[in-house]
Amino acid sequence: MDTLISEAVPEPPKRLKRGGRAGNQRRGGAAIRQMPWEVPVNSDRPIEPLPPEGVEAIHDGTMRILEEVGVEFLNREAVEIFRSEGCLIDRETPDSARVRFGRDFIMEKIALAPGAFTLTPRNEARRITIGGDHIVFGNVSSPPSCSDLDRGRRTGDRAAYQDLIKLTQYFNCLHFAGGYPVEPMDLHPSIRHLDCLYDKLTLTDKVVHAYSLGSERVEDVMEMVRIAGGLTHDEFDAAPRMYTNINSTSPLKHDWPMIDGLMRLARRGQPTIVTPFTLAGAMSPITLAGTVAQSLAESLCAIALIQTINPGCPCAIGTFSSNVDMKTGAPAFGTPDYIRTTQMTGQMARHYGLPLRSSNTCVSNAPDNQATWESAHSLFAAITSGTNVVYHAAGWLEGGLCASYEKFIIDCEQVQQLIAYMKPVKWDAHEIALEAIAEVGQGGHFFGIQHTQDRYETAFYAPFLSDWSNYENWRDRGAVQTVERANRIWKQILAEFEPPPMDAAIREELEDFVARRKQEGGAPTDF
């Protein structure tokens, strides 16, 4: 989806050390009362649809795809790396070749990848863990259009991009700023990444992402993240600071820019999430097991490339497997088949010891009931599959073609509720509450007793969007429906938004870098 300074340079002044939970609450404002910042832990056992023999069968199928069918790489540098490792190369052209892999090679390489890693943005209090029982959520990424109740559906621009980045920063239940929450089509593609990353790095202090859409873009983003963090080149290379997500071109093909970006990040120790986009019945077999096996084959060979270049470099498997509507050929998301493929891929990711990425998806064309249940299904799939990274967690609409302001708010309510759901269950004597039960006895109530008074403010999840009042009170307040309440909330948030602090010298260095790269032409395009 998307080779500058190599010598050492003087280290810029360090950023202001502000942030953390207290800082988040101060910046939270009065629009809503939200959860504090935390990286959630999902301690529930994942749902595992496959018996042990099913795991082994899909693993064997995945390995046979890699051994017998192979994967085409449209990147000659990657092909030559595989050739040097003894992989079988054929069907060669000046730009591509088919590569076939021995299962021993694949398993040896993916065993080098860590099962968990951390990503540290410019505000170290926003550090996140990827892997294990941790789960993090990020904003919608890459739609060309956006919508809200007031202005309707429209082409994305920089102002809308900035709005959605501000919402991403505001919500503590969102842990990273993924791709562009809407494409700013008013910025020329040659310099779009420069303005977008400048906005992202100044309006947020969370982990950010680079699109692998060409060497210059990837190198520019790494340099801007380094500058924003107040880091030397060695400090940037020493630990994960940002990441990319790449998609294969299913079936069984990896294109040049995605693999180029993967290799550039791997050489500097920065993570890549490898996410095949497989739609059963169109881009992969119509069977779920076949779709999962193909998706894994496309993922594992790219992860093997990462580990060949830089053994131990962090990485993750992504799943974006769903089905098509066989009546029309249109993609379908948030379906029962999407849930199952996500759970199956999660089971296989644990088999390989790799973190997992999935998504909050829907195909509804409005932030309506259909959008809500499809997103609820997608988030259920994430929670029950052992997903570690949830892409598109807030704002996705129209199968990813539109970012909705109101859906952004609705999704954050759902995400917050799921984070509350994942809290560990307490079961000590205070929680079992025998003394309170004895105090009330038969036929009384618990409202007034001390046990309740000590806990009532924090005992249960308190929604910021749901309306739990009775019908008469709701009617008397204007009978405002959910999407209208969401509309009011995003306006309040944007009206009171304050960007996170950034050292003036660092901001100036970022501005100078952007200006210089624009003068040099940015990234080459053919228009």
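Nothing here was measured: the structure is a model prediction, and the numbers come from that model.
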Student: Checking F105 now: which residues fulfil ring pair (Phe, Tyr, Trp, His ring centres under 6.0 Å) with it, not counting sequence neighbours?
Tutor: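 F105 satisfies ring pair (Phe, Tyr, Trp, His ring centres under 6.0 Å) with no residue once adjacent residues are dropped.
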Student: Determine the minimum heavy-atom distance between F464 and R33, stating which atoms define it.
Tutor: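 That closest heavy-atom pairing would be CB-O, 4.2 Å.
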Student: Can you pull out every salt bridge (charged side-chain N to carboxylate O under 4.0 Å, His left out) where at least one residue sits in residues 408-417? Sequence neighbours excluded, please.
Tutor: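 Only K407-D411 qualify under salt bridge (charged side-chain N to carboxylate O under 4.0 Å, His left out).
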Student: If you count the non-hydrogen atoms of other residues, nucleotides and ligands that lie under 6.0 Å from OH in Y461, is the total more than 12?
Tutor: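 For Y461, atom OH is crowded (more than 12 foreign heavy atoms under 6.0 Å).
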Student: Should R516 and D512 count as an ion pair when the cut-off is N to O under 4.0 Å?
Tutor: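 Salt bridge absent between R516 and D512.
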Student: Check salt bridge (charged side-chain N to carboxylate O under 4.0 Å, His left out) between K166 and all other residues, then give those that pass, not counting sequence neighbours.
Tutor: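 Scan of K166 (salt bridge (charged side-chain N to carboxylate O under 4.0 Å, His left out), adjacent residues dropped) gives none.
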Student: Please determine which of R127, R241, R126 meets the side-chain hydrogen bond (donor to acceptor under 3.5 Å, both in side chains) test together with T120.
Tutor: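 Looking at R127, R241, R126, the match for T120 under the side-chain hydrogen bond (donor to acceptor under 3.5 Å, both in side chains) is R127.
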Student: Which residues satisfy the side-chain hydrogen bond (donor to acceptor under 3.5 Å, both in side chains) test with D368, sequence neighbours excluded?
Tutor: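 Testing D368 for side-chain hydrogen bond (donor to acceptor under 3.5 Å, both in side chains), a comparison that skips the adjacent residues, returns S364.
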Student: Using ring pair (Phe, Tyr, Trp, His ring centres under 6.0 Å), reason through Y170 and F408 one step at a time and then give a plain yes or no.
Tutor: CA-CA 12 Å; Y170 179 91; F408 199 106; over 10 Å; no
Student: Looking at every heavy atom in both I89 and A97, which two are closest together, and how far apart are they?
Tutor: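 Heavy atoms of I89 and A97 come nearest at CG2-CB, 3.7 Å.
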Student: Enumerate the residue pairs fulfilling side-chain hydrogen bond (donor to acceptor under 3.5 Å, both in side chains) with a member in residues 305-315, sequence neighbours excluded, ordered by first and then second residue.
Tutor: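 Applying side-chain hydrogen bond (donor to acceptor under 3.5 Å, both in side chains) to every pair that reaches into residues 305-315, excluding sequence neighbours, yields nothing.
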Student: Restricting to salt bridge (charged side-chain N to carboxylate O under 4.0 Å, His left out), what partner residues turn up for D237, sequence neighbours left out?
Tutor: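 Result, salt bridge (charged side-chain N to carboxylate O under 4.0 Å, His left out) vs D237: R268.
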Student: Looking only at the aromatic ring of each residue, does the gap between the centers of F117 and Y243 stay below 6.0 angstrom?
Tutor: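 No, they do not, as the ring centres are separated by 6.0 Å or more.
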Student: With sequence neighbours left out, what residues match R154 under salt bridge (charged side-chain N to carboxylate O under 4.0 Å, His left out)?
Tutor: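 R154: salt bridge (charged side-chain N to carboxylate O under 4.0 Å, His left out) contacts with D148.
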Student: Measure the acute angle between the ring planes of Y391 and H209, then classify it against the limits of 30° and 60° as parallel, tilted or perpendicular.
Tutor: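 Correct class here is perpendicular.
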Student: Under 4.0 Å between a side-chain nitrogen and a carboxylate oxygen: does that hold for E484 and R488?
Tutor: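 Judged by the 4.0 Å cut-off on N to carboxylate O distance, E484 and R488 do not form a salt bridge.
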Student: What I want to check is whether the side chains of S321 and T278 have a donor and an acceptor closer together than 3.5 Å.
Tutor: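 Side chains of S321 and T278: pair found under 3.5 Å.
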Student: Kindly write out the residues that satisfy ring pair (Phe, Tyr, Trp, His ring centres under 6.0 Å) with H193, not counting sequence neighbours, or none if the list is empty.
Tutor: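 Applying ring pair (Phe, Tyr, Trp, His ring centres under 6.0 Å) to H193 gives none.
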Student: Quick one: ring pair (Phe, Tyr, Trp, His ring centres under 6.0 Å) partners of Y405, sequence neighbours excluded?
Tutor: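 With neighbours one apart ignored, the set is W490.
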Student: Partners of Y352 by ring pair (Phe, Tyr, Trp, His ring centres under 6.0 Å), sequence neighbours excluded?
Tutor: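 Partners of Y352 by the ring pair (Phe, Tyr, Trp, His ring centres under 6.0 Å) criterion, ordered by chain and then number, come out as H59.
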Student: Judged by modelled atom types alone, do S385 and T342 share a side-chain donor-acceptor pair under 3.5 Å?
Tutor: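 Checked: S385/T342 side chains show no N/O donor-acceptor pair below 3.5 Å.
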Student: Using side-chain hydrogen bond (donor to acceptor under 3.5 Å, both in side chains) as the criterion, list what pairs up with N487, not counting sequence neighbours.
Tutor: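 Per chain and number, N487 pairs via side-chain hydrogen bond (donor to acceptor under 3.5 Å, both in side chains) with D150, E406, K491.
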Student: Looking at R267 and E77, is any side-chain nitrogen of the basic one under 4.0 Å from a carboxylate oxygen of the acidic one?
Tutor: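 Salt bridge flag = yes for R267 with E77.
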Student: Which residue pairs pass the salt bridge (charged side-chain N to carboxylate O under 4.0 Å, His left out) test when at least one of the two sits in residues 392-401, sequence neighbours left out?
Tutor: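 Every salt bridge (charged side-chain N to carboxylate O under 4.0 Å, His left out) pair that includes a residue of residues 392-401, provided the two are not neighbours, is R153-E398.
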Student: Given the side-chain rings of Y180 and Y161, with only the six-membered ring counted for Trp, is the space between their centroids under 6.0 Å?
Tutor: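 That pair passes the under 6.0 Å test.
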Student: Locate the shortest heavy-atom distance separating E298 from S248; write the atom from each residue and the value.
Tutor: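 Between these two residues, the closest heavy atoms are OE1-OG, 2.6 Å.
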